[in-house]
Amino acid sequence: MLPRLIRWIDALNTAISNAAMWLIIPLAGVMLYDVVMRYCFNAPTLWGAELSMMIFGVYMIYAGPSSILQKVQVGVDIFAARLSPRVRAVVNCLTYAFTFTFFAGLFYTSALYAVESWQLRELSSSAWGQPVYHLKALIPVAVLLMLLQSLAEFLRNFHLARTGGELP
């Protein structure tokens, strides 16, 4: 059951990050359009820069779970590299305890902001003034996905620390 749960979390975050990576295409299109309009036609858009930031924000927050899965976050391995795999797994389990605390607090706070933004039907403060509440609702979802992926990594490390072997 444990390997199945971990595979499900991995598959979920892989699918979401694979979908989010395609956001780079509309991002490039919006930026190109804005630059051409600004410098070739002297007709800058009100919305180009802000929309680019919004697309990039979604792109980045949904890269978070994938970075945990692929283990591409910055880490200091000066001490951990000298440890046996089993002891390193114990250290990783302790580290994930702090990670859970951080993500739980971030989820709670971002969910409060998202709910408040949704209730107010919040608009951006720019000249464009477009709605942002739907984007703010994506933040706690991304944090929850990072929390789930951290749980999967914790379970992998816990199994290794307990049994000395990798999960199948």
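- When all heavy atoms of E50 and W128 are compared, the closest pair comes out as OE1-CE3, 3.5 Å.
- Proximity of L148 to P65: side-chain heavy atoms (C-beta onward) are nowhere separated by under 4.5 Å.
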Take T99 and M146 through the test side chain to side chain contact (heavy atoms under 4.5 Å, CB included) and record every step on the way to the result.
CA-CA 10 Å; T99 303; M146 285 188 272; over 6 Å; no

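- No more than 12 heavy-atom neighbours from other residues, nucleotides or ligands sit within 6.0 angstrom of CZ on R82.
- Taking both residues in full, the closest heavy atoms of H159 and G165 are given as CD2-O, 3.1 Å, listed atom of the first, atom of the second, then distance.
- Within the 4.5 Å cutoff, the side chain of D34 has no heavy atoms near those of the W47 side chain.
- Contact check for L5 versus R7: no side-chain heavy atoms found under the 4.5 Å cut-off.
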Evaluate Y33 against T45 for side chain to side chain contact (heavy atoms under 4.5 Å, CB included), listing each step before the verdict.
CA-CA 9 Å; Y33 180 81; T45 64; 3.7 Å; yes

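- Each of L32 and L46 belongs to its own hydrophobic cluster when Ile, Leu, Val, Met, Phe, Trp and Tyr are linked at side-chain heavy-atom distances under 4.5 angstrom.
- Side-chain contact between Y96 and N157 is present, with heavy atoms from C-beta onward closer than 4.5 Å.
- A continuous path of Ile, Leu, Val, Met, Phe, Trp and Tyr side chains, each step under 4.5 Å between heavy atoms, connects V58 with L51, placing both in one hydrophobic cluster.
- Annotation: F100 is in aromatic contact with F154 [ring centroid separation under 6.0 Å].
- By the 4.5 Å heavy-atom criterion applied to side chains, M37 and N42 are not counted as neighbours.
- Looking at heavy atoms from C-beta onward, P140 lies in side-chain contact with F107 at the 4.5 angstrom threshold.
- Contact check on K136 versus E116 returns no salt bridge, with no Lys/Arg side-chain nitrogen under 4.0 Å from an Asp/Glu carboxylate oxygen.
- In the hydrophobic clustering of ILVMFWY residues, with side-chain heavy atoms under 4.5 Å counting as a link, M21 and F56 come out together.
- Note that CG of L167 and CG of L2 are 5.5 Å apart. Values are rounded to the nearest 0.5 Å.
- Here the closest non-hydrogen pair linking R86 and L160 is CG-O, 3.6 Å.
- Connection of L27 to I25 is established within a shared hydrophobic cluster, with ILVMFWY side chains joined at heavy-atom distances below 4.5 Å, either directly or through further cluster members.
- More than 12 heavy atoms of other residues, nucleotides or ligands shown are found within 6.0 angstrom of OH on Y133.
- For the pair I61 and L138, the tightest heavy-atom approach, listed with the atom from each and the gap, is CD1-O, 3.9 Å.
- For I9 against A152, the heavy-atom pair with the smallest separation is CG2-CB, 4.0 Å.
- Nearest approach of A114 to A137, heavy atoms of both residues: CB-CA, 3.8 Å.
- Each of Y59 and L69 belongs to its own hydrophobic cluster when Ile, Leu, Val, Met, Phe, Trp and Tyr are linked at side-chain heavy-atom distances under 4.5 angstrom.
- Using a 4.5 Å heavy-atom threshold, the side chains of M54 and V132 count as touching.
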